[in-house]
Amino acid sequence: MQEFSSDMDMDAVYQEYANLVYRFLYVHTHDAQWSQELMQETFLRAISSISRYDGSCKLSVWLCQVARHVLYQELRKRKRVDFAELSEYLPDASAPEGEAQVLKQENKIELYQAVHHLPEQEREVVLYRITGELSFREIGAILGKSENWCRTVFYRAKQKIKKELKIYE
């Protein structure tokens with residue numbers, strides 16, 4: 001485990017983990033600007049709470065736990081219920097290869113809809129794994145669960161998503 005102490009070069013920590021924390025937050029917000037703001041707040045909080053990091057997990061996992069706490073605090077403040085709204089722009093169907101892009105976008109929307117119909121814990125595991133590109137071990141550490149629990153939840157969620165996507169066919 002990497003140790004995190006007050007004498008650690010925070011610029012180096014930021015350079016190494018900023019992208020991971022940003023992706024982690026973007027999984028929930030689907031808003032680039034808001035994710036960037038939350039990421040900055042995460043690192044400010046990490047600096048001020050260095051003493052709480054005991055080295056029992058990877059630094060990346062601890063930073064994601066801090067980011068999760070920052071996000072949930074902000075959501076409570078904003079009284080936002082839905083983490084991710086599917087407000088992406090559809091491509092121009094009249095452009096070259098536009099029809100294929102529209103179909104791809106529609107499939108993506110159907111997939112996100114299926115994911116967002118999952119119970120909260122299953123949705124979190126799926127989004128962390130796919131969009132956040134986190135390992136099952138990292139997801140387990142963030143959620144306070146075992147790696148095997150995450151694998152099982154991910155498998156069951158995948159089955160539910162497949163079943164729901166068949167409805168759209």
Under 4.5 Å between side-chain heavy atoms, counting indirect links through other Ile/Leu/Val/Met/Phe/Trp/Tyr residues: same cluster for Val70 and Leu44 or not?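 No, it is not one cluster - the side chains of Val70 and Leu44 are not joined through contacts under 4.5 Å.
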
What's the spacing between [X] [atom1] and [Y] [atom2] if we round to 0.5 Å?
{"X": "Phe43", "Y": "Asp11", "atom1": "CZ", "atom2": "CG", "answer": "11.0 Å"}
{"X": "Ser60", "Y": "Ile142", "atom1": "OG", "atom2": "CD1", "answer": "7.5 Å"}
{"X": "Ile139", "Y": "Ser146", "atom1": "CD1", "atom2": "OG", "answer": "12.0 Å"}
{"X": "Glu37", "Y": "Met39", "atom1": "CD", "atom2": "CE", "answer": "10.5 Å"}
{"X": "Glu41", "Y": "Leu25", "atom1": "CD", "atom2": "CG", "answer": "11.0 Å"}
{"X": "Leu63", "Y": "Leu59", "atom1": "CG", "atom2": "CG", "answer": "4.5 Å"}

Do you know the tightest heavy-atom contact between [X] and [Y]?
{"X": "Ala67", "Y": "Thr42", "value": "CA-OG1, 3.3 Å"}
{"X": "Val66", "Y": "Arg45", "value": "CG1-CB, 4.0 Å"}
{"X": "Cys150", "Y": "Val125", "value": "O-CG1, 3.7 Å"}
{"X": "Tyr22", "Y": "Ser35", "value": "CE1-CB, 3.5 Å"}
{"X": "Gln33", "Y": "Asp31", "value": "N-OD1, 3.1 Å"}

Taking atom types as modelled, is there a side-chain donor on Tyr14 or Gln40 under 3.5 Å from an acceptor on the other?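 Tyr14 vs Gln40: donor-acceptor pair found between side chains.
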
Under the ring-ring contact (aromatic ring centres under 6.0 Å, His included) definition, can you give me all pairs with a residue in residues 122-148, not counting sequence neighbours?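 Qualifying pairs: Phe24-Tyr128, His28-Tyr128, Phe136-Phe154.
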
Would a 4.5 Å heavy-atom cut-off, applied to side chains only, mark Glu122 and Val115 as touching?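 Not in contact.
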
Would you indicate whether the side-chain heavy atoms of Arg23 and Cys64 approach each other to under 4.5 Å?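 Heavy-atom side-chain distance check fails, nothing below 4.5 Å.
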
Taking side-chain hydrogen bond (donor to acceptor under 3.5 Å, both in side chains) as the definition, give me every residue that meets it alongside Thr152, ordered by chain and number, with sequence neighbours left out.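 Residues passing side-chain hydrogen bond (donor to acceptor under 3.5 Å, both in side chains) with Thr152: none at all.
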
Contacts of Arg156 that satisfy side-chain hydrogen bond (donor to acceptor under 3.5 Å, both in side chains) - sequence neighbours left out: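 Result, side-chain hydrogen bond (donor to acceptor under 3.5 Å, both in side chains) vs Arg156: none returned.
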
Under 3.5 Å, is there a donor-acceptor pair between the side chain of [X] and the main chain of [Y]?
{"X": "Arg137", "Y": "Glu147", "answer": "no"}
{"X": "Glu138", "Y": "Ser135", "answer": "yes"}
{"X": "Gln65", "Y": "Ala141", "answer": "yes"}

Quick one: list whatever passes salt bridge (charged side-chain N to carboxylate O under 4.0 Å, His left out) with Lys158, sequence neighbours left out.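 Partners of Lys158 by the salt bridge (charged side-chain N to carboxylate O under 4.0 Å, His left out) criterion come out as none, since no residue qualifies.
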
Who pairs with Arg129 by salt bridge (charged side-chain N to carboxylate O under 4.0 Å, His left out), at least two apart in sequence or on another chain?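 Arg129 satisfies salt bridge (charged side-chain N to carboxylate O under 4.0 Å, His left out) with no residue once adjacent residues are dropped.
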
What verdict does the side-chain contact (heavy atoms from CB on, under 4.5 Å) test give for Val13 and Glu16, after you've listed the backbone C-alpha separation in whole Å, the side-chain angles of each residue and the deciding distance to 0.1 Å? CA-CA 5 Å; Val13 170; Glu16 186 171 348; 6.0 Å; no

Taking side chain to side chain contact (heavy atoms under 4.5 Å, CB included) as the definition, give me every residue that meets it alongside Gln121, ordered by chain and number, with sequence neighbours left out.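 With sequence neighbours excluded, Gln121 shows a side chain to side chain contact (heavy atoms under 4.5 Å, CB included) to Lys145, Trp149, given in chain and number order.
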
